[in-house]
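Taking it in order: structure first as structure tokens, then the write-up.
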Amino acid sequence: MPLSKLSCLIVDDDRFMLKTLEVLLQQIGVTKTYSSDNAQDALKYIANQNNHIDIIISDLNMPEMDGIQLLRHLGGLGVAMGIILVSGEDPRLLQSVKTLGETFDLMVLGTLGKPVAKQELQSLIEEYEPSADTPPTGPAAMVFADELKMAIANHEIKVHYQPQVSLIDGRIVGVEALARWNHPVKGAISPSIFIGIAEKYSMIKELTNQVFEQSLTQASHWRSQGFDINLSVNFSAQALTQLDMPESIFEQLQGSALRPHNLNIEITESTLASDISIALDILTRLRLKGFGLSIDDFGTGFSSLEQLQQIPFTELKVDRSFVHNANVNRACQVILESSISLTKKLGIKSVAEGVENEADLNLVKAQGCDIVQGYYFAKPMPPEEFIPWARDYSSSLNRPFKPGD
Ligand code: C2E
Ligand code: CA
Ligand code: CA
């Protein structure tokens, strides 16, 4: 898009800075510029249908409403404009704010330090591409999203449970709760699809709540019958934005048969890698309250050892793509080996997902993995099938599943 066609809104409480940016923009050919010395006015301007803005250039440190709050509101409005953040702060802070903006589904073009260099400003602006079709996307996705919304409202999302088995003694140590949606016409829809839609259309918190409530009631019931099992629940990184989440989970556990260490909160590695600064506060407090923290799909993201050490994880789940058939794939084997050896160094538990056959099992056993989960033992199952399965499994091991059996 030619720069002369772009309209830019500049937000900065420093009038001198507003003027400087305006001049710089004009020098690079952007003539339609609007300025605001506070975020509230900027929001009002944007919310007005008659005003069209392609790019917002906003300062981070402003009194009353700062740049981060502005981002949050823009995210709430679902705007499709490009965003450039400017600050005299530490570049690392700018980077984490950029990440934050991306979690709000905003098109953050980049960040600029102060004083702003014309060349850098220009190259960020040149990266802007107007997107005709940002979410909410096409009609099919909308129909699907509406149907999902209805399903959630009608409590049609069910939970299936997949057992986790200890490699030390073969005991069933827990279950992972997995969301299931049986569409009345389209049939069973994979969570890999509807979880993504729920995240995109702001339904993930409600969905996560429902899965958590259902599975907590279920696991509590099993525990009160004498089955000593833990519960693992998947939390999307988007569910980790509510600062009171540790307290509310703690409260929900009161009156159940689960103690905090009986609950594992699973967070996918790939979402964490981009979101670590925001989630850190919540994750640390979850851990302080005694909950287990599990890093899911390990190996698919890019978390560094440093990041891993920052978050007090208690468990690492190696992604199934590095487990199943790893015996015939050297690269997978290397990742599997190094992931398990990492857990030993960090002093946390390792879980191998996707153990489908004896060869997979033997390999993860040889590597010293603690816990396994996979079709070799059982597929995720509806709650009523779990106890019969557990009895069968335990009798094949010749050991009672529950005291008194
Ligand atoms: P995940 O957390 O990695 O869950 C494990 C997935 O691996 C499940 O897929 C499970 O059925 C599958 N699986 C387990 N063992 C094997 C095996 O031996 N072989 C193979 N090929 N697959 C195996 P599922 O249930 O389709 O879930 C897919 C993903 O959807 C989950 O991956 C998780 O990321 C997400 N998900 C499911 N329920 C929830 C939820 O309540 N909340 C959130 N945020 N995400 C969820
Ligand atoms: Ca998981
Ligand atoms: Ca996983």
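Start at 1 and go down the list; that is how both ligands and their atoms are numbered. Note that the numbering runs from 1 along the sequence shown for the chain.
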Inset, instruction - Can you measure from CH2 (Trp389) to CD (Gln162) and round to the nearest 0.5 angstrom? - result: 9.5 Å

Inset, instruction - Kindly confirm whether the Ca ion (ligand 2) is within less than 3.0 Å of some N/O/S atom in Asp297? - result: no

Inset, instruction - For the residue pair Glu315 and Ser294, confirm or rule out a side-chain donor-acceptor distance under 3.5 Å. - result: yes

Legend entry - Between CD1 on residue Ile295 and CD1 on residue Ile267, distance to nearest 0.5 Å: 8.0 Å

Legend entry - contact_flag Gln162 ligand 1 heavy-atom lt 4.0 Å: yes

Inset, instruction - Answer yes if the side chains of Glu126 and Gln122 hold a donor-acceptor pair under 3.5 Å, and no otherwise. - result: yes

Legend entry - Nitrogen or oxygen of Arg320 less than 3.5 angstrom from that of ligand 1: yes

Inset, instruction - Report, in ascending order of atom number, the atoms of ligand 1 lying under 4.0 Å from any heavy atom of Gly354. - result: 16 (C), 17 (C), 18 (O)

Inset, instruction - Would you check whether Arg180 reaches within less than 4.0 Å of ligand 1, judged by its heavy atoms? - result: yes

Legend entry - Atom name in Asp296, limited to N/O/S, at shortest distance from the Ca ion (ligand 2): OD2

Legend entry - Donor-acceptor under 3.5 Å (Arg223 side chain, Ile229 main chain): yes

Inset, instruction - Enumerate the atoms of ligand 1 whose separation from the nearest heavy atom of Glu176 is less than 4.0 angstrom. - result: 2 (O), 4 (O)

Inset, instruction - May I ask which of Asp296, Val211, Asp319, Val355 has a heavy atom nearer to atom 1 (P) of ligand 1 than the others do? - result: Asp296

Inset, instruction - Decide whether Asp54 and Tyr128 meet the rule of one side-chain donor and one side-chain acceptor closer than 3.5 Å. - result: yes

Inset, instruction - Please say whether Asn234 places an N or O atom under 3.5 Å from an N or O atom belonging to ligand 1. - result: yes

Inset, instruction - Work out whether the distance between some heavy atom of Thr268 and some atom of ligand 1 is less than 4.0 Å. - result: no

Inset, instruction - Check whether more than 12 heavy atoms from other residues, nucleotides or ligands sit under 6.0 Å from atom CD of Glu385, and answer yes or no. - result: yes

Legend entry - Heavy-atom proximity to atom 37 (C) of ligand 1, best of Ser215, Pro191, Gly374: Pro191

Legend entry - Centroid-centroid distance, Trp222 to Tyr161, less than 6.0 Å: yes

Legend entry - Between Asn264 and Glu176, a side-chain donor and acceptor under 3.5 Å: no

Legend entry - Whether Ile195 lies under 4.0 Å from ligand 1, heavy atom: yes

Legend entry - Trace of the salt bridge (charged side-chain N to carboxylate O under 4.0 Å, His left out) decision for Lys114 with Asp12: CA-CA 12 Å; Lys114 280 183 184 176; Asp12 201 312; 3.6 Å; yes

Legend entry - Contact atoms of ligand 1, heavy-atom distance to Asp297 under 4.0 Å: 3 (O)

Inset, instruction - Measure Leu178 to ligand 1 on non-hydrogen atoms and call it side chain, backbone, both or neither using the 4.0 Å cut-off. - result: both

Legend entry - Leu121 CG to Cys8 SG distance, which is reported to the nearest 0.5 Å: 8.0 Å

Legend entry - Proximal heteroatom of Glu266 relative to the Ca ion (ligand 2) (N/O/S): OE1

Legend entry - Residue portion contacting ligand 1 (non-hydrogen atoms closer than 4.0 Å) for Lys379: neither

Legend entry - Those atoms of ligand 1 less than 4.0 Å from some heavy atom in Glu356: 17 (C), 18 (O), 19 (N), 20 (C), 21 (N)

Legend entry - Selection from Tyr376, Tyr375, Phe377, Phe194 by shortest heavy-atom distance to atom 16 (C) of ligand 1: Tyr375

Legend entry - Ion pair Asp297/Lys317, N-O distance below 4.0 Å: no

Inset, instruction - Go through ligand 1 atom by atom and flag the ones less than 4.0 Å from a non-hydrogen atom of Pro380. - result: 11 (O)

Legend entry - the Ca ion (ligand 2) contact by Glu353, N, O or S atom under 3.0 Å: no

